[in-house]
Amino acid sequence: MDQEKFSYQKEINLKPFYFILLLVTFNICSEEVLKSFNTMLQGNLSFKQEIENNINDKSYSEGYIQRKGGVIEINIKEPFKEKYLISNKELTVYDLEFDQTQIITITKNEAPLINLLKSGAVLEQAQELTDKSFIIAINDELLYIELISDKSFYVSYKDNMNYKNKVTFTTTNL
C-alpha cells in the first residue's frame, strides 16, 4: 500500500514537468518556423501572385525579388513589366512598358507585404503558431504564412480593396 502511494505521488509531481517541457518544445518549434521563414525571406525569391477579385474573377502576376544592399528590388514579368525599388523611406515604381517613374514616400501605413519584406516576422507579432504556419499582424492587417517546403512558402492576405491575395515565394539563385 505504501509503495502505491509513493508511485502515485511521483506521477503527480511529474505533471508540472511535462507541462513545462511541452511549453518549451512549443516555443522552440514556433521559433524554428519563424527562423526558417525569415531565412528564406532574406534571399532572392521568385513569386507567383493570385488576386481573387470575386469568386469568378482572378488575376495573376509573377516575377522575382532581389536584395541589393539596403534596397529590395521587385521585378514583375507578367502581366505587365514593372520594377519596384524599396528603400528605407521610399518606393520607386518603374512602369517599363510606358517608360514612367513614380516615387512614393513609405509611411507607417504602408502595405503589410512591403513591411514583411523589409523586416521579416518576429515572435511578438506571431499568432496561431504551428510547426508550418503562423499569422502575423502588421498595421492592423493579418497575413497568413505557411511554409510549403524548405525552399518555398506562401503569404495570404486581404489588400486595401478587400481582395484576397495569395503570393507563393520560392528561393532562387538569381
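As the structure is a prediction and not an experimental result, all values here were calculated from the model.
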Checklist outcome for this item: Between the OG1 atom in Thr168 and the CZ atom in Phe153, the distance rounded to the nearest 0.5 Å is 9.5 Å

Next on the checklist: Measuring from atom OG of Ser133 to atom CG of Asp131, what distance do you get when rounded to the nearest 0.5 angstrom?
Outcome noted: 7.5 Å

Item to check | Min side-chain heavy-atom separation Tyr64-Gln66 under 4.5 Å | outcome: yes

Next on the checklist: Does Glu128, at its CD atom, have more than 12 non-hydrogen atoms belonging to other residues, nucleotides or ligands within less than 6.0 Å?
Outcome noted: no

Checklist outcome for this item: What one should report as the nearest heavy-atom pair of Lys118 and Ile86 is CD-CG2, 3.8 Å

Next on the checklist: Are Ile76 and Tyr84 packed together at the side-chain level, in the sense that at least one heavy-atom pair is separated by less than 4.5 angstrom?
Outcome noted: yes

Next on the checklist: Nearest 0.5 Å, please: how far is NZ in Lys166 from OH in Tyr60?
Outcome noted: 10.5 Å

Checklist entry - Roughly how far, to the nearest 0.5 Å, is NZ of Lys58 from CD1 of Ile51? => result 12.0 Å

Item to check | Same apolar cluster: Ile72 and Ile145, side chain cutoff 4.5 Å | outcome: yes

Next on the checklist: Do Ile65 and Tyr94 land in one hydrophobic cluster if side-chain heavy atoms of ILVMFWY residues count as linked below 4.5 Å?
Outcome noted: no

Next on the checklist: Within the structure provided, determine whether Glu62 and Ser46 are in side-chain contact (heavy-atom separation under 4.5 Å).
Outcome noted: no

Checklist entry - Is the shortest heavy-atom distance from the side chain of Ile148 to the side chain of Tyr154 under 4.5 Å? => result yes

Item to check | Any donor-acceptor pair under 3.5 Å from Asn53 side chain to Tyr163 backbone | outcome: no

Next on the checklist: Between Asp95 and Phe80, does the side chain to side chain contact (heavy atoms under 4.5 Å, CB included) criterion hold? Intermediate values first, please.
Outcome noted: CA-CA 8 Å; Asp95 184 330; Phe80 308 105; 6.0 Å; no

Checklist entry - Does a side-chain heavy-atom distance below 4.5 Å link Val33 with Thr130? => result no

Checklist entry - Does any non-hydrogen side-chain atom of Tyr144 lie less than 4.5 Å from one of Leu142? => result no

Item to check | Donor-acceptor contact present, side-chain Gln102 to main-chain Val93, <3.5 Å | outcome: no

Next on the checklist: If I take atom OG1 from residue Thr172 and atom CG from residue Asn44, how far apart are they, to the nearest 0.5 angstrom?
Outcome noted: 7.0 Å

Checklist entry - If you look at every heavy atom in Ala121 and Asn38, which pair is closest and at what distance? => result O-ND2, 2.7 Å

Checklist entry - Of all heavy-atom pairs between Gln49 and Asn165, which one has the smallest distance, and what is that distance? => result NE2-OD1, 2.7 Å

Item to check | Contact check, side chains of Thr171 and Leu45, non-hydrogen atoms, under 4.5 Å | outcome: yes

Next on the checklist: Return the OG to CE distance between Ser149 and Met40, rounded to the nearest 0.5 Å.
Outcome noted: 6.5 Å

Checklist entry - Is it true that atom CG of Asp57 has more than 12 heavy atoms of other residues, nucleotides or ligands lying nearer than 6.0 Å? => result yes

Next on the checklist: List the residues meeting ring pair (Phe, Tyr, Trp, His ring centres under 6.0 Å) with Phe134, not counting sequence neighbours, and say none if there are none.
Outcome noted: Phe37

Next on the checklist: Are the side chains of Leu41 and Leu117 in contact, using a 4.5 Å heavy-atom criterion?
Outcome noted: yes

